[in-house]
Number of protein chains: 2
Amino acid sequence: MRIEGKNYIAGTRSSQGDVVVHSIDAATGEKLSYDFYQATPEEVNAAAEAAAAAYPAFRALPAARRAEFLEAIAAEIDALGDDFVAIVCRETALPAARIQGERGRTSNQMRLFAQVLRRGDFHAARIDRALPERQPLPRVDLRQCRIGVGPVAVFGASNFPLAFSTAGGDTAAALAAGCPVVFKAHSGHMATAEGVADAIVRAAGKTGMPAGVFNMIYGNGVGEALVKHPAIQAVGFTGSLKGGRALCDMAAARPQPIPVFAEMSSINPVLILPAALQQRGEQIARELTASVTMGCGQFCTNPGLIVGLRSAEFSAFLEQFAAAMTDQGPQTMLNPGTLRSYEQGLAALHAHPKVRHLAGQPQEGNQARPQLFQADVALLLEGNELLQEEVFGPTTVVVEVADPAELVRALHGLHGQLTATLIAEPADLTAFAAVVPVLEQKAGRLLVNGYPTGVEVCDAMVHGGPYPATSDARGTSVGSLAIDRFLRPVCYQNYPDALLPEALQNANPLGILRLVDGQPSREAL
Amino acid sequence: MRIEGKNYIAGTRSSQGDVVVHSIDAATGEKLSYDFYQATPEEVNAAAEAAAAAYPAFRALPAARRAEFLEAIAAEIDALGDDFVAIVCRETALPAARIQGERGRTSNQMRLFAQVLRRGDFHAARIDRALPERQPLPRVDLRQCRIGVGPVAVFGASNFPLAFSTAGGDTAAALAAGCPVVFKAHSGHMATAEGVADAIVRAAGKTGMPAGVFNMIYGNGVGEALVKHPAIQAVGFTGSLKGGRALCDMAAARPQPIPVFAEMSSINPVLILPAALQQRGEQIARELTASVTMGCGQFCTNPGLIVGLRSAEFSAFLEQFAAAMTDQGPQTMLNPGTLRSYEQGLAALHAHPKVRHLAGQPQEGNQARPQLFQADVALLLEGNELLQEEVFGPTTVVVEVADPAELVRALHGLHGQLTATLIAEPADLTAFAAVVPVLEQKAGRLLVNGYPTGVEVCDAMVHGGPYPATSDARGTSVGSLAIDRFLRPVCYQNYPDALLPEALQNANPLGILRLVDGQPSREAL
């Protein structure tokens with residue numbers, strides 16, 4: 001695998017700048033040998049303009065052609081070999097098996113969007129036929145379908161160097177919607193990004209896509225110019241609350257504000273209910289430990305808050321949980337910055353008088369050690385911010401509530417979440433049915449007897465939720481619904497059939513389900 | 001009809017403040033006798049809290065119950081009698097026949113959303129069933145549907161005192177979505193607002209809705225506190241670019257940013273193509289004059305830019321158009337502020353050296369006189385802002401382009417629009433097919449051989465478009481798709497059937513179409 005380190009602009013490589021940046025070996029901290037050329041302002045501009053130039057041709061392609069493109073990307077990603085996996089592992093300290101799994105997830109995600117394009121429901125076609133005889137006024141023929149919003153800027157995540165990065169969910173959704181992409185390569189895994197970008201560019205070439213359909217820029221601080229570029233019409237982001245909010249603020253302050261879909265901070269509450277605790281407390285302690293420490297706790301859906309009702313059983317569970325957490329060894333984090341943030345988060349918890357440390361060896365060295373804390377429920381009831389922001393890493397905070405009423409009050413104190421989980425037996429679900437509507441208000445995904453880590457890529461998934469889990473609760477960044485973020489409706493009034501998009505033509509050449517005069521129908525008109 | 005002038009909070013009336021405001025007779029400028037009590041900060045807070053308190057019960061109602069509520073509102077609005085119509089006419093200077101028509105449009109809008117609730121596609125139900133045998137990992141059961149985002153603040157428009165105001169499209173869409181509303185009464189028609197609010201409150205009582213489902217506050221400057229209130233989760237607005245942008249900026253700067261759907265400024269270009277001009281130039285001049293001056297030009301979709309190709313026919317058309325515009329009499333605008341804005345807009349056009357006045361008597365007195373201007377195409381090509389912002393009133397600007405290539409360049413110079421219209425014969429549509437994709441990028445609704453004034457309320461309508469037409473091109477404020485703005489998806493993982501919303505239960509008790517394992521289906525599972 002050859003790493004050139006040049007920016008990707010309209011299918012060519014560009015290195016006009018003097019600033020060279022490097023990624024590092026996550027395990028050793030050693031600087032990797034590849035030079036990456038930070039994009040100059042002119043290159044950022046050129047990348048956005050390339051995407052804008054590609055937009056008319058790309059969005060006008062039949063959906064089936066874009067599906068071919070996504071499938072070609074999938075095949076290219078599947079073909080990325082052991083040398084590529086080795087580079088990803090060096091840049092992220094993630095194990096090879098995990099990267100191989102993530103590679104498959106990433107290509108399957110592309111294939112899912114290809115299916116969505118062929119299924120055609122993303123068109124959201126609606127037809128209200130003319131009613132020339134209607135009184136007091138006739139109705140004209142009106143037809144609606146959706147088009148891509150325009151070029152999209154995407155910022156990938158550190159923790160999924162494949163599935164949430166260069167060819168991740170945001171890129172896949174944007175391309176599926178007919179929106180060219182300018183991707184800001186994640187500074188933590190730039191060599192990985194190059195391997196994936198090459199795969200996308202090869203696929204674009206093989207399937208005859210316009211040159212600027214995918215562009216990628218390297219460097220620090222280049223994101224601001226990208227988000228402010230007038231050609232960019234939407235932004236996808238996965239990362240910290242601070243970073244995401246900064247992009248939202250920039251986008252809102254543009255002469256033309258644009259939507260930002262930022263997936264940011266979630267503590268993913270897990271409620272352990274009494275009957276479940278009684279029946280399988282030890283198993284829950286084991287499973288929860290695995291969920292909290294899996295992948296060094298570096299998941300957006302990592303359970304950061306465990307809530308239980310005060311009882312002898314819950315005390316016993318806490319002991320088992322603490323013991324299991326103590327048994328977990330240290331792990332290397334994605335990069336030194338992540339470890340530093342983890343240590344700062346731990347320090348804040350250690351320092352608070354209403355937080356008690358329950359388990360975990362003193363944090364030291366260059367690996368993260370699992371830690372368990374217990375916090376006074378008062379922190380939730382009083383709206384204290386300490387527990388609300390995610391501590392990214394293998395740690396979680398237990399909160400004990402006095403009774404069901406206090407449980408509901410504590411849940412009301414939570415900010416928005418990606419997930420909310422009930423560990424429960426049927427008797428619990430009857431007794432605690434009142435918490436479900438509260439969780440619906442707080443989270444994008446509600447689980448019973450599962451753990452939030454592990455996000456299925458499918459039609460029904462919601463990886464989103466109220467702020468600060470995301471910047472817009474109406475979107476998802478995983479699953480096929482993610483395409484909706486990058487589409488907007490267009491209505492055609494009294495248009496001749498030949499000028500209409502295929503999705504709206506009388507003959508229904510795509511054979512899609514459409515809402516015709518208020519009824520779903522696949523019929524030709 | 002009795003006007004109390006007190007704020008509507010949780011089903012009761014409140015007048016805690018000392019500031020009293022008045023609406024005026026639009027025709028005479030005379031202050032009307034009704035006192036309206038400006039909401040105090042405490043009352044604004046109470047209104048938002050009332051909406052928040054109503055939200056859990058209201059959103060949990062079966063959709064059919066919300067449909068009953070909307071239909072009850074429709075019946076109450078239909079029953080608003082001649083005394084009500086007389087008040088609306090006094091406050092707006094709109095003729096009685098127009099208000100009677102708008103009353104029917106407003107109630108029909110409520111009924112359309114009731115149909116949407118019964119049809120059930122707004123649930124957007126998706127089910128991916130468990131695949132316990134899947135390799136390498138099983139799939140859990142995942143189901144998705146949508147819920148209302150929470151309390152919505154709505155700011156109505158001056159120009160549709162019924163259909164875009166208190167019980168207008170935004171209110172109807174929010175209530176349909178299960179979102180309680182806090183409505184800021186428009187200061188131009190507060191007595192009208194009171195009559196409509198009474199109708200909504202009566203309907204809420206008759207159908208057993210929670211008390212805070214609808215709230216309304218009076219006064220100047222009370223909107224800011226409303227938009228910044230933490231209970232408010234989305235905003236609907238129709239009005240000026242300045243006002244809408246101010247709300248967007250406030251909402252984006254909140255600790256928890258919220259979406260604002262603002263419908264603001266559009267000049268609604270109308271392209272008159274050569275064959276059409278040749279065949280029916282005089283008729284087009286007549287129709288266009290009617291569209292520009294109808295309702296004193298006070299429509300969001302008023303054609304503010306007419307584009308044609310330089311030719312003898314176009315010159316002849318301009319003469320006919322100017323003559324027809326000259327024949328139009330003055331009309332009273334919605335309020336003195338609107339007239340002032342109109343005069344300022346005209347003054348800017350008169351003052352510009354590249355703009356020529358073609359027709360219209362000198363603007364004077366307290367009525368608006370129709371005016372016709374011609375601007376140099378350079379203003380569009382150079383990105384000059386003068387032509388881009390709507391001049392609200394009975395005026396329009398003609399631009400002549402040299403040839404089809406210049407036409408496309410001029411269209412690229414336009415900002416986002418609600419509508420874009422082609423007046424064309426079949427030969428034109430063949431010759432100018434290249435403009436359609438450009439118009440798709442610029443506007444939410446594209447028309448052929450119609451005039452953009454007159455917005456059908458139906459499933460396929462899009463009354464939206466790229467900025468500054470609206471703040472978010474992904475929404476519409478007219479038609480059934482408007483409900484989408486106030487809904488967000490929630491995913492249920494491994495939930496027992498009894499705890500699922502009805503839309504997702506195995507038996508499909510609502511009988512709705514759902515996406516099950518990637519296929520649309522009404523089957524029970």
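Chain letters run A, B, ... following the sequence lines, proteins first, then strands; residues in each count from 1.
- Counting only heavy atoms from C-beta outward, the side chains of Ser480(A) and Gln115(A) never approach each other to under 4.5 Å.
- Residue Gln233(B): no heavy atom, backbone or side chain, is found under 4.5 Å from chain A.
- The shortest side-chain heavy-atom distance between Leu422(B) and Tyr495(A) falls under the 4.5 Å cut-off.
- When side chains are defined from C-beta on, Val457(A) does not count as touching Arg111(A), because their heavy atoms never get closer than 4.5 Å.
- Proximity to chain A is limited to the side chain of Ile147(B), based on heavy atoms less than 4.5 angstrom apart.
- Between the side chains of Asn268(A) and Thr301(A), no donor-acceptor pair is found at a separation under 3.5 Å.
- Most heavy-atom pairs under 4.5 Å with chain A: of the set Ala252(B), Cys248(B), Gly479(B), this distinction falls to Ala252(B).
- Residue Arg139(B) touches chain A through both its backbone and its side chain, counting heavy-atom pairs closer than 4.5 Å.
- Arg146(A) has a carboxylate O that lies under 4.0 Å from a charged side-chain N of Asp484(A), or vice versa, which qualifies the two as a salt bridge.
- The parts of Leu142(B) that come within reach of chain A are both its backbone and its side chain, each placing non-hydrogen atoms under 4.5 angstrom from that chain.
- For the set Glu440(B), Arg143(B), Gln256(B), Met461(B), the entry with the most heavy-atom pairs within less than 4.5 Å of chain A is Glu440(B).
- Of the two parts of Pro452(A), neither the backbone nor the side chain holds a non-hydrogen atom closer than 4.5 Å to a non-hydrogen atom of chain B.
- Looking at Asp128(A), both its backbone and its side chain come within 4.5 Å of chain B, counting heavy atoms on both sides.
- For Phe486(A) and Phe261(A), the ring centers are positioned less than 6.0 Å apart.
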